[in-house]
Amino acid sequence: RVAEVLHNGVLLTDGRVLPAELVVWAAGVKAPDFLKDLGGLETNRINQLVVRPTLQTTQDDDVFAMGDCAACAWPGHGTVPPRAQAAHQQATHLYKQIRRRLVGKPLQDYAYRDFGSLVSLGEFSTVGNMMGGLIGGSLVVEGAFARLMYLSLYKMHELALHGPAKVTLDTLARLITRRTEPHVKLH
């Protein structure tokens with residue numbers, strides 16, 4: 001367990017120091033506290049609503065959950081990770097299922113597909129891995145290509161949330177302000 005992050009490493013509660021030039025802190029995800037007491041619905045230890053493969057909660061067929069708020073089984077892996085790609089897939093699936101339910105058709109099960117991960121470590125450093133698709137296994141990507149992939153995925157998520165008009169205007173505004181704002185470098 002971490003007691004303190006030092007300038008040259010990490011101090012553990014048992015007194016050991018792990019030397020490090022760079023420390024990345026990953027705290028994890030926890031759903032909002034109000035979910036644990038929401039209408040008697042079943043939750044897990046991090047307040048996620050436990051859902052069936054249809055994304056319906058286990059206690060109420062009329063309540064659906066997705067994204068960080070849902071504890072969705074991923075056969076052979078535990079639960080679906082609370083990541084943007086999972087939430088995006090669940091949102092698309094849930095939209096179709098609600099339409100099916102409204103016309104009286106049976107619901108279909110959600111199946112998560114891991115497309116890999118990309119992590120931006122600043123403006124000039126991005127790393128990741130791509131799963132399946134192109135090569136059937138895992139492919140590590142880094143550098144400019146990984147950065148381009150990261151930015152493309154980020155724009156796709158913005159488009160899904162805000163629509164093309166807002167994303168276009170926001171992108172143009174960012175490009176203009178980036179060119180006109182002063183660049184201060186602290187040493």
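Just so it is clear, the values below take in all heavy atoms, side chains as well, and ignore hydrogens, waters and symmetry mates. Predicted, not measured: the structure shown is a model, and the values here were computed from it.
Taking the side chain as every heavy atom from C-beta outward, H162 and L169 never approach each other to under 4.5 Å. Residues L107 and F64 form a side-chain contact, since some pair of their non-hydrogen atoms from C-beta on lies under 4.5 Å apart. Contact annotation: the side chain of P164 approaches that of L159 to within less than 4.5 Å [non-hydrogen atoms, C-beta and beyond]. At least one side-chain heavy atom of K155 sits under 4.5 Å from a side-chain heavy atom of V167. Using a 4.5 Å heavy-atom threshold, the side chains of E42 and T57 count as separate. Here the side chains of H93 and K96 are not in contact, with every heavy-atom distance at 4.5 Å or above. Between L12 and L18, the closest side-chain pair of non-hydrogen atoms falls below 4.5 Å.
V29 and V80 are assigned to two separate hydrophobic clusters, defined by single-linkage of ILVMFWY side chains at heavy-atom distances under 4.5 Å. Transitive grouping of hydrophobic side chains (ILVMFWY, heavy atoms separated by less than 4.5 Å) brings L55 and W74 into a common cluster. Note: the hydrophobic cluster containing V2 does not contain V17 (ILVMFWY, side chain heavy atoms under 4.5 Å, direct or indirect links).
Rounded to the nearest 0.5 Å, atoms CG (D33) and CD1 (I46) are 12.0 Å apart. One finds the CG atom of L41 at 8.5 Å from the CG atom of L35 (value rounded to the nearest 0.5 Å). Rounding to the nearest 0.5 Å places CD of Q97 at 6.0 Å from CZ of R100. For the atom pair R45 CZ and K30 NZ, the distance stands at 10.5 Å (nearest 0.5 Å). The CG atom of L49 lies 12.0 Å from the SG atom of C72; values are rounded to the nearest 0.5 Å. Taken to the nearest 0.5 Å, the CG atom of N8 stands 10.0 Å off from the CD atom of E21.
The two atoms that bring V51 and A65 nearest to each other are CG1-CB, 3.7 Å, heavy atoms only. Annotation for A70 and Q48: closest pair O-NE2, 3.3 Å, computed over non-hydrogen atoms. Scanning both residues, A31 and N47, for their nearest heavy atoms gives O-ND2, 3.3 Å. What you find for P81 and A86 is that their closest heavy atoms are O-CB, 3.4 Å.
The only member of Q56, M66, R99, Q89 that meets side chain to side chain contact (heavy atoms under 4.5 Å, CB included) when paired with L94 is M66. The one candidate from T58, D61, D109 that meets the side chain to side chain donor-acceptor pair (under 3.5 Å) condition with R52 is D61.
Between the side chain of Q90 and the backbone N or O of G67 there is at least one donor-acceptor pair closer than 3.5 Å.
Within a 6.0 Å sphere centred on NE2 of H157, other residues, nucleotides and ligands contribute more than 12 heavy atoms.
Aromatic ring orientation, Y110 versus Y112: tilted (interplanar angle from 30° to 60°).
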